[in-house]
Amino acid sequence: MSGTQRRGRRIMMTPGELDAFLGEQRTCRVASVSADGTPHVSALWFAWDGTSMWLYSVVRSRRWADLRHDSRAAVVVDTGEEYGELRGAELSGRVEVVGEVPRTGELCAELDLAETLFARKYFGLAELPHDGRHAWLRLTPDKTVSWDFRKLAAG
């Protein structure tokens with residue numbers, strides 16, 4: 001067990017590496033639990049502000065229903081094809097709804113940064129166009145695990 005932990009620390013991303021990684025990646029996978037206990041995983045776009053992961057979810061989705069019933073979530077972001085290229089992070093904790101549901105663009109200072117990051121990342125715009133179908137979930141992780149297998153080759 002301690003050997004695995006040492007190796008885990010060896011390939012763990014630094015806080016700066018993790019911020020850069022989460023800022024550049026485009027798709028995450030969100031794991032939720034349905035009311036009957038069935039696990040559900042779905043792909044989603046996200047924004048990372050250095051502290052929290054912002055998930056812009058369709059409010060008429062199984063993911064939304066699951067997370068409103070049970071706010072516990074695990075989110076994985078990963079990349080790489082070959083073993084020595086694998087990088088990723090798992091963030092887990094509870095999500096909270098921020099802003100109106102569905103989001104129509106009412107003033108909400110708490111969403112300013114997330115919406116700006118999201119609009120630039122996915123649409124190349126300064127402001128997020130609201131479609132009245134999505135709303136924001138914020139995950140401020142209780143636990144984060146990361147890996148960068150490229151570090152194994154480095155030493």
Cluster question for you: counting only ILVMFWY and a side-chain heavy-atom cut-off of under 4.5 Å, with indirect links fine, are [X] and [Y] together?
| X | Y | answer |
| --- | --- | --- |
| V76 | V30 | no |
| L86 | V77 | no |
| W54 | F123 | yes |
| L91 | V97 | yes |
| V75 | L44 | yes |

For the backbone of [Y] and the side chain of [X], can you confirm whether one donor and one acceptor N or O come within less than 3.5 Å of each other?
| X | Y | answer |
| --- | --- | --- |
| Y122 | R26 | yes |
| E81 | E85 | no |
| K121 | W45 | no |

Report task. Please lay out, stage by stage, how V33 and T38 fare under the test side-chain contact (heavy atoms from CB on, under 4.5 Å). Result -> CA-CA 6 Å; V33 180; T38 305; over 6 Å; no
Requested in this report: Run the numbers on L137 and V98 for side-chain contact (heavy atoms from CB on, under 4.5 Å), then give the verdict.
Outcome: CA-CA 6 Å; L137 297 165; V98 180; over 6 Å; no
Could you state the interatomic distance from [atom1] ([X]) to [atom2] ([Y]), rounded to the nearest 0.5 Å?
| X | Y | atom1 | atom2 | answer |
| --- | --- | --- | --- | --- |
| R138 | R94 | CZ | CZ | 15.5 Å |
| T116 | L111 | OG1 | CG | 10.0 Å |
| S57 | R103 | OG | CZ | 15.0 Å |
| T140 | M53 | OG1 | CE | 11.0 Å |
| D78 | C28 | CG | SG | 10.5 Å |
| L152 | R10 | CG | CZ | 5.0 Å |

On a heavy-atom basis, which atom in [X] and which in [Y] lie closest, and how many Å separate them?
| X | Y | value |
| --- | --- | --- |
| K151 | M12 | NZ-O, 2.7 Å |
| G105 | E100 | N-OE2, 2.9 Å |
| L139 | S92 | CD1-C, 4.2 Å |
| D49 | L113 | CB-CD2, 3.8 Å |
| G93 | D142 | CA-OD2, 3.5 Å |
| W64 | V59 | CD1-O, 3.2 Å |

Query - Residue pair L117, R120: steps toward the side-chain contact (heavy atoms from CB on, under 4.5 Å) verdict - result: CA-CA 5 Å; L117 291 169; R120 286 181 185 155; 5.5 Å; no
Requested in this report: Take E82 and R150 through the test salt bridge (charged side-chain N to carboxylate O under 4.0 Å, His left out) and record every step on the way to the result.
Outcome: CA-CA 10 Å; E82 301 297 326; R150 300 173 307 173; over 6 Å; no
Query raised in the report: Do the non-hydrogen side-chain atoms of Q25 and F46 ever get within less than 4.5 Å of each other?
Result: yes
Query raised in the report: Mind checking whether F21 and T79 have side chains closer than 4.5 Å, heavy atoms only?
Result: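 Sidechains of T79 and F21: in contact.
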**Report entry** Donor-acceptor pair between E115 and W136 side chains, under 3.5 angstrom
**Finding:** yes
Requested in this report: Check each of S42, S34, S32 against R63 using the side chain to side chain donor-acceptor pair (under 3.5 Å) test, and report the only one that passes.
Outcome: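 For R63, the side chain to side chain donor-acceptor pair (under 3.5 Å) test succeeds with only one of S42, S34, S32, which is S42.
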Report task. Run the numbers on Y56 and F118 for ring pair (Phe, Tyr, Trp, His ring centres under 6.0 Å), then give the verdict. Result -> CA-CA 9 Å; Y56 198 51; F118 196 87; 5.3 Å; yes
Requested in this report: Assess whether atom CD of E127 is packed by more than 12 heavy atoms of other residues, nucleotides or ligands within 6.0 Å.
Outcome: no
Query raised in the report: Does CZ in R29 sit with more than 12 non-hydrogen atoms of other residues, nucleotides or ligands closer than 6.0 Å?
Result: yes
Query raised in the report: Do the numbers put R87 on top of the ring of W147, so that NZ or CZ is under 6.0 Å from the six-membered ring centre and no more than 45° off the axis?
Result: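 Not satisfied by the 6.0 Å and 45° rule.
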